Amino acid sequence: MAKNLQDTTTLNNGVKMPWLGLGVFKVEDGNEVINSVKAAIKNGYRSIDTAAVYDNETGVGIGIREGLKEAGISREDLFVTSKVWNSDFGYETTLAAFETSLKKLGLDYLDLYLIHWPVEGKYKDTWRALETLYKDGKIKAIGVSNFQIHHLEDLLKDAEIKPMVNQVECHPLLSQKELLAYCKDKGIQLEAWSPLAQGQLLDHPVLQEIASKYNKSIAQVILRWDLQNGVVTIPKSIKEHRIIENATIFDFELSSDDMERIDSLNQNHRVGPDPDNFDF
Ligand SMILES: NC(=O)c1ccc[n+]([C@@H]2O[C@H](COP(=O)([O-])OP(=O)(O)OC[C@H]3O[C@@H](n4cnc5c(N)ncnc54)[C@H](OP(=O)(O)O)[C@@H]3O)[C@@H](O)[C@H]2O)c1
């Protein structure tokens, strides 16, 4: 079990990925994202999750450079994720989109690059491009996002390289137990997006009761539940005190009873789009 903020899970290719990272969806490019990334690095985060479509890779890059300098650590100490957006899917277009992301971020490699959504008929060519980039050493690990079991099965039929990560919506209202078990079986690390259900769970009475028992916040209880389930988690906050709060989850352990109580809150309820029914 992870003991501190910089502890890592080992992906199926041997690459180490921190259990906790900072998400920057809907964080404005410029000072807002620069300050969030810097605050995260300053407070010990070693993983940042962005995407081309978030339109903040330039600011993320500045935050990374300034954050690393302030913390006195090097690029290799950080795990940076980005994602290829749906409109860039296809082999050549993905190769080009990757270069654009890298340039905006001001980096010469990515730690993880993901296919953002399983667009039917397009994700296999996109995957081939990720395999090429991986083999060329430009990405340390490659993966997918929003893939259901059937998407993974389909991809695996033709993939030369198995995805190392699947990043999906996951929180107590959408616990993803079946997908988690499938991914564990295949050696694919599950990663939770919107782990806090974008704030919708932060007054839940059962979670509040559990949180009070451990003298923790609801956010901390949820993020701890992720860790104890073997799920990588990337809460987003632009506020330093919450960035710190969300990382203070390595000093307590939820009992198996409380883990089960949280599991029982599942309603298969999504706060984001359904990977089997989206039109973008
Ligand atoms: N692959 C995908 O398709 C996909 C989709 C969505 C998200 N993601 C990734 O997952 C990351 C996280 O998901 P998310 O941003 O959608 O939502 P989230 O992390 O579940 O929730 C973020 C919201 O909760 C608030 N918050 C954070 N910590 C808090 C705390 N300790 N107490 C109270 N409120 C708190 C934040 O507000 P403040 O900022 O004001 O603190 C923000 O409004 C994203 O940033 C992105 O990197 C990926």
Side-chain angles (χ1 to χ4, degrees), residues 17-29 31-33 35-37 39-40 43 45 47-57 59-60 63 79-86 89 101 105 110-119 123 142-148 151 163 165-176 179 189-204 207-208 211 216-226 231-249 269-276 278 280:
M17 175 178 192
W19 283 106
L20 187 98
L22 178 78
V24 296
F25 179 41
K26 292 188 184 160
V27 182
E28 234 175 87
D29 202 11
N31 281 341
E32 191 170 78
V33 84
N35 291 334
S36 309
V37 169
N43 288 292
Y45 283 61
S47 168
I48 310 289
D49 180 89
T50 186
V53 77
Y54 301 169
D55 204 17
N56 59 16
E57 289 174 307
V60 168
F79 190 97
V80 183
T81 301
S82 193
K83 315 178 191 94
V84 54
W85 184 242
N86 304 3
F89 282 12
S101 282
L105 286 159
L110 280 187
D111 295 279
L112 179 64
Y113 197 45
L114 304 175
I115 294 186
H116 211 144
W117 285 86
V119 179
Y123 57 73
I142 52 178
V144 295
S145 179
N146 299 300
F147 274 47
Q148 309 266 50
H151 296 120
V165 172
N166 184 18
Q167 183 188 109
V168 297
E169 182 179 342
C170 179
H171 45 69
L173 299 180
L174 179 70
S175 60
Q176 300 275 26
L179 182 59
Q189 175 65 52
L190 201 82
E191 179 178 19
W193 64 253
S194 293
L196 306 174
Q198 294 178 350
Q200 285 184 28
L201 277 169
L202 300 176
D203 55 1
H204 193 287
L207 293 173
Q208 186 52 63
K216 288 283 176 183
S217 69
I218 288 185
Q220 290 170 323
V221 163
I222 295 173
L223 298 170
R224 180 71 203 184
W225 170 79
D226 285 334
V231 172
V232 167
T233 192
I234 45 167
K236 170 260 175 187
S237 180
I238 55 169
K239 301 186 173 69
E240 184 165 14
H241 71 97
R242 287 179 173 168
I243 288 174
I244 295 169
E245 175 186 332
N246 294 344
T248 314
I249 56 171
H269 169 79
R270 293 180 184 277
V271 298
D274 181 347
D276 281 324
F278 64 98
F280 48 87

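Residue numbers start at 1 and run along the sequence shown. We count ligands from 1, going down the list as the structure has it; atoms in each ligand are counted the same way. A quick note: this is a predicted structure, and the numbers were derived from the prediction, not measured.
- Crowding of Glu245 atom CD: a count of heavy atoms from other residues, nucleotides or ligands under 6.0 Å exceeding 12.
- Thr248 places a side-chain N or O within donor-acceptor distance of the main-chain N or O of Ile244, the cut-off being under 3.5 Å.
- Of all non-hydrogen atoms in Gly63 and Val37, the two that sit nearest each other are C-CG1, 3.5 Å.
- Residue Ser217 places no heavy atom under 4.0 Å from ligand 1.
- The closest protein non-hydrogen atom to atom 27 (C) of ligand 1 is Lys236 O, 3.0 Å.
- Judged purely by atom type and a 3.5 angstrom limit, Asn56 uses its side chain to pair as donor or acceptor with the backbone of Val24.
- Evaluated by nearest non-hydrogen atom to atom 28 (N) of ligand 1, the leading choice among Leu201, Asn246, Val24, Val271 is Asn246.
- The line from NZ of Lys236 to OG of Ser194 is 10.5 Å long, rounded to the nearest 0.5 Å.
- Residue, atom and distance of the protein heavy atom nearest to atom 23 (C) of ligand 1 are Gln198 C, 4.0 Å.
- At the shortest separation from atom 44 (C) of ligand 1 among protein heavy atoms lies Phe25 CB, 3.3 Å.
- Here's the thing with Ala192: none of its N/O atoms is less than 3.5 angstrom from an N/O atom of ligand 1.
- The distance from ligand 1 to the heavy atoms of His116 drops below 4.0 Å at these ligand atoms: 1 (N), 2 (C), 3 (O).
- The single protein non-hydrogen atom nearest to atom 40 (O) of ligand 1 is Lys239 NZ, 2.5 Å, given as residue, atom name and distance.
- Protein heavy atom nearest atom 14 (P) of ligand 1, with residue, atom name and distance: Ser194 OG, 3.6 Å.
- Per-residue contacts place Ala219 under 4.0 angstrom from the following atoms of ligand 1 (heavy atoms of the residue considered): 30 (C), 31 (N).
- Remark: the backbone N or O of Leu190 is not paired with any side-chain donor or acceptor of Asn166 at under 3.5 angstrom.
- Using a 4.0 Å cut-off between heavy atoms, Ser145 contacts ligand 1 through its side chain alone, with no backbone atom that close.
- Interface of Trp117 with ligand 1, defined as ligand atoms under 4.0 Å from a residue heavy atom, comprises 3 (O).
- Looking only at heavy atoms of the protein, atom 12 (C) of ligand 1 is closest to Ile234 O, 3.1 Å.
- Checking side-chain atoms of Ser237 against main-chain N and O of Lys239 turns up a donor-acceptor pair under 3.5 Å.
- Annotation for ligand 1: atoms under 4.0 Å from non-hydrogen atoms of Asn146 are 1 (N), 2 (C), 3 (O).
- The contact set between ligand 1 and Ala197, taken as ligand atoms under 4.0 Å from a residue heavy atom, comprises 20 (O).
- Remark: ligand 1 atoms within the under-4.0 Å shell around heavy atoms of Pro235 are 19 (O).
- Below 30°, between 30° and 60°, or above 60°: for His116 and Trp85 the angle between ring planes is above 60°, a perpendicular geometry.
- Of all protein heavy atoms, the one lying nearest to atom 38 (P) of ligand 1 is Arg242 NH1, 3.3 Å.
- Scanning all protein heavy atoms for the shortest distance to atom 47 (O) of ligand 1 gives Asp49 OD2, 2.7 Å.
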Legend entry - Residues Asn146, Trp193; criterion side-chain hydrogen bond (donor to acceptor under 3.5 Å, both in side chains); working and verdict: CA-CA 9 Å; Asn146 299 300; Trp193 64 253; 2.8 Å; yes

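- Nearest heavy atom pair, residue Gln167 against residue Asp49, reads NE2-OD1, 2.8 Å.
- Atom CZ in Phe79 sits 4.5 Å away from atom CG in Leu112 (nearest 0.5 Å).
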